[in-house]
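So you know, we letter chains A, B, ... as the sequences are listed, proteins then strands, and number each from 1.
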Number of protein chains: 2
Amino acid sequence: MTSVEEPARPGERERVRDAARTRAEILDVATQEFARAGYDGARVDEIAARTRTTKRMIYYYFGGKEQLFTAVLERAYGVIREAEQQLDVEHLDPVAAIRRLAEVTFDHHEQHPDFIRLVSIENIHEAHHIAASEKLGRIGSPALDVIRRILEEGRRSGLFTADVDAVDLHAMISSFCFFRVSNRHTFGALFGRDLVDPAQRAHYRTMLGDMVIAYLTAERAAD
Amino acid sequence: MTSVEEPARPGERERVRDAARTRAEILDVATQEFARAGYDGARVDEIAARTRTTKRMIYYYFGGKEQLFTAVLERAYGVIREAEQQLDVEHLDPVAAIRRLAEVTFDHHEQHPDFIRLVSIENIHEAHHIAASEKLGRIGSPALDVIRRILEEGRRSGLFTADVDAVDLHAMISSFCFFRVSNRHTFGALFGRDLVDPAQRAHYRTMLGDMVIAYLTAERAAD
DNA sequence: TCACTAATGTACGAACTAGTACGTTAGCTA
DNA sequence: TAGCTAACGTACTAGTTCGTACATTAGTGA
């Protein structure tokens, strides 16, 4: 996350009034609060209290709780987009490239549990905020283009037997990474196993790669 | 779900006061309301209004909103347990048995979106209600025992190369089934593809089976 | 340095919401 | 059939929560 207690970058002396900083600070705190308690569980007063500013400013900059949540989502998706754009796997052979992609996805999910929670919350609300957002509708994902190119190359070179769709493969990889974080608590409570146990991290990371590669390289009966 | 507008089974004349029926009716409506709006979004008054009885009765039978939600979860998990106990795959060969198990899991998730939503909601609350419930702590899953036996048999007969843990395989299968339903809305909004589109049902069902079998039968480098 | 406006703070209100005090009655049993 | 109690309804309250009216000031450009 950006900028909570940002200590006046050198050269810029700390102004008392700074729209950009105030806005960013509200977004930071709101992200935490929404992720912690869900949309309805989150309290506007609580967000304001944990900010250097007041509730008045939330309404001044964002208009309301609903729009604030939308802004939080927009920024959170922006972060993951940026990460995916850094993806540099084109120099690898298709098998290694897919494995690398899966690992990067795995790592990103693990490192951003708040993002996972926000997405879960948005699904409870049937993605109404995304639908209402101009920035987020049909935004897609940079990772998808990468997957498309790797699959193409893998198919051409005969390494991948399956005629797999890029969106489907993305769903397959995401589901494993997402579930591991999103359902950590119920899974742990029911089965007594912490899916996010650091000691098991490498194990699950490998398992995901093995699964995806096995699927892509397996012989399959014709449909 | 059970018993909303249950029309006085023959022989039992409809009593005005019927504790069991009232309790069940509250649970039915509460399940819908909690699944619809989340724990904090759900309104006790709304649940009461959609019942033949009043809010007073919710407190009379369950004690409070929190306990009502716990009761809803307990019943929802009870339903899936029952379904899993019906599982009869021991007569199949390991590959067919695993595929069948995956399909049953797939079907159950698809048929119970409310259950998926409740589990998502409970994860937002870090499984506090499950932890507080005597019925649900470490409840496990009948499917797990089945998986254990199939894996054992598959390993013994040399069909499965991998030394896979039953809980891990359960997580793998669940993650795909769960994500497809739980993240349907954000995935659809972002990628323009409905993972629960009936026309794609068979496709994803096959994909899951292929994935799991590929993983279990693939050759793997030693750790 | 003056005036203008973007940015900010205070105080309050209307509506909602979980929970309860108190009174009533259906249906069973002795 | 009388009486007892589990089951039920009404009406209310205390506390919360989103949102806003109104007043104020820091910073900037003329």
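Phosphate proximity of dT8(C) to Tyr61(A): present, with a side-chain N or O under 4.0 Å from OP1 or OP2.
The salt bridge (charged side-chain N to carboxylate O under 4.0 Å, His left out) test applied to Arg149(B) returns Glu90(B), not counting sequence neighbours. Checked against ring-ring contact (aromatic ring centres under 6.0 Å, His included), Tyr215(A) has no partners two or more places apart in sequence or in another chain. In this structure Phe191(B) satisfies the ring-ring contact (aromatic ring centres under 6.0 Å, His included) test together with His170(A), Phe187(B), sequence neighbours excluded. Evaluation of the ring-ring contact (aromatic ring centres under 6.0 Å, His included) rule for His185(B) yields no partner, not counting sequence neighbours. Applying the ring-ring contact (aromatic ring centres under 6.0 Å, His included) test to Phe62(B) and every residue at least two apart in sequence or in another chain returns nothing.
If one axis is set at each end of the helix from dT1(C)-dA30(D) to dA30(C)-dT1(D) from five pairs, those axes are 10° apart, to 10°.
Residue pairs meeting the ring pair (Phe, Tyr, Trp, His ring centres under 6.0 Å) criterion with at least one partner in residues 14-33 of chain B, sequence neighbours excluded, are absent. Sequence neighbours left out, the pairs with a member in residues 104-115 of chain B that pass salt bridge (Lys or Arg N to Asp or Glu O under 4.0 Å) are Asp107(B)-Arg201(B), Asp107(B)-Arg205(B), Glu110(B)-Arg180(B), Glu110(B)-Arg201(B). Listed by first and then second residue, the salt bridge (Lys or Arg N to Asp or Glu O under 4.0 Å) pairs that reach into residues 55-72 of chain B are Asp45(B)-Lys55(B), sequence neighbours excluded. Screening residues 136-145 of chain A for salt bridge (Lys or Arg N to Asp or Glu O under 4.0 Å), with sequence neighbours left out, gives Asp145(A)-Arg148(A).
Contact check of residues 118-130 of chain B against DNA chain C (heavy atom, cut-off under 4.0 Å) returns no residues at all.
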- Message: For nucleotides 9-22 of chain D, give me one character per nucleotide, 5' to 3': B if any protein heavy atom sits under 4.0 Å from the base, S if the only such contacts are to the sugar-phosphate, - if neither.
- Response: BB------SBBBBB
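Residues Glu84(A) and Ser141(A) bring a donor and an acceptor atom of their side chains to less than 3.5 Å of each other.
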